[in-house]
K.L.:
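I have a structure I would like to understand better, so I am pasting it below and will then ask my questions one at a time.
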Amino acid sequence: MILPIITYPNKQLKTRSKEVVTFDALLHRFLDDMFETMMSSNGIGLAAIQVANPIRALILCIPDEEGNQHKENILEVINPVMHQQKGNVLYQEGCLSVPGFYEDVERYETLTLHYQNRHGEACTLEANELLAIAIQHEIDHLEGKLFIEKLTYNRRKKFEKEYKKALKEKK
Ligand code: Y12
Ligand code: CO
């Protein structure tokens, strides 16, 4: 099922999401719905709060070198914790909850992630490149943070003006 994606400035996006404690069929169904929702919107990452569910779950599907996404490359990440963040990198980010806006954001270049999979099993992965950036973007959602909050004062002001204008034109 495709779920509605909530968009800025919806205040629900500011929620700090809660730990997942039950790894049951309901969670599995929800993760499947998140995948369908993300793919139907051409996304590569989605956090549960973006579909109005404040749990610490996110999914990622990083495209291959040709830009294609494959279901077998889906990463389902529950209760993530980042460790050993190193280096810095600038990348132009976008977000399904901030449609039509892309800006350079600074992130760590590499990190180690501890998380649970859909069965509650403990997993570890080493991330770099786009995966590391996407993980940081999605974990920010679990903390109620959007990438636009990392912009400088002037860039944020410009964003608010352009976004408001785009919202008006959509109506
Ligand atoms: C690097 C940086 C950020 C991330 C987080 C995941 N972001 C996305 O998946 C963004 C997807 C996105 C897709 C759009 O296209 C459509 O909606 C059809 C889009 O375009 C518009 O909203 C007009 C914007 C963002 C991962 C890695
Ligand atoms: Co996002």
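If you're wondering where the values come from, they're calculated on a predicted model, not measured in any experiment. Just so you know, ligand 1 is whichever comes first in the structure, and atom 1 is the first atom listed for that ligand.
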K.L.:
Taking CD in E65 as the centre, count heavy atoms belonging to other residues, nucleotides or ligands within less than 6.0 Å. Is the count above 12?
P.N.:
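Counting other residues, nucleotides and ligands, CD of E65 stays at 12 neighbours or fewer.
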K.L.:
Is atom CZ of R29 surrounded by more than 12 heavy atoms (other residues, nucleotides or ligands) closer than 6.0 Å?
P.N.:
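Atom CZ in R29 is not packed in, count stays at 12 or less.
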K.L.:
Is there a donor-acceptor contact under 3.5 Å from the side chain of S40 to the main chain of T37?
P.N.:
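Yes, because the side chain of S40 sits within donor-acceptor range (under 3.5 Å) of the backbone of T37.
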K.L.:
Does D140 pair with R107 as a salt bridge, N-O distance under 4.0 Å?
P.N.:
yes
K.L.:
Relative to the ring of F159, is the ring of Y8 parallel (under 30°), tilted (30 to 60°) or perpendicular (over 60°)?
P.N.:
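Correct class here is tilted.
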K.L.:
Of the non-hydrogen atoms in L60 and A134, which two are nearest, and what is the gap between them?
P.N.:
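Where L60 meets A134 most closely, the heavy atoms are CD2-CB, 3.6 Å.
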K.L.:
Applying side chain to side chain donor-acceptor pair (under 3.5 Å), can you list everything that pairs with H137, at least two apart in sequence or on another chain?
P.N.:
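By the side chain to side chain donor-acceptor pair (under 3.5 Å) rule, H137 matches E93, H141.
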K.L.:
With respect to I78, which candidate in R56, E19, Q116, H119 satisfies the side chain to side chain contact (heavy atoms under 4.5 Å, CB included) definition?
P.N.:
Q116
K.L.:
Give every protein N, O or S atom lying under 2.8 Å from the Co ion (ligand 2), naming each by residue and atom.
P.N.:
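Near the Co ion (ligand 2), the protein supplies C95 SG, H137 NE2, H141 NE2.
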K.L.:
Taking a 3.5 Å cut-off between nitrogen or oxygen atoms, can you list every pair linking ligand 1 to the protein, with distances?
P.N.:
unit_1: ligand 1; atom_1: 7 (N); unit_2: G94; atom_2: O; d: 3.1
unit_1: ligand 1; atom_1: 9 (O); unit_2: I44; atom_2: N; d: 2.7
unit_1: ligand 1; atom_1: 9 (O); unit_2: G45; atom_2: N; d: 3.4
unit_1: ligand 1; atom_1: 17 (O); unit_2: S41; atom_2: O; d: 3.3
unit_1: ligand 1; atom_1: 20 (O); unit_2: Y102; atom_2: OH; d: 2.9
unit_1: ligand 1; atom_1: 22 (O); unit_2: G100; atom_2: N; d: 3.0

K.L.:
In the hydrophobic clustering that connects Ile, Leu, Val, Met, Phe, Trp and Tyr at side-chain heavy-atom distances below 4.5 Å, which members other than L90 occupy its cluster, ordered by chain and number?
P.N.:
none
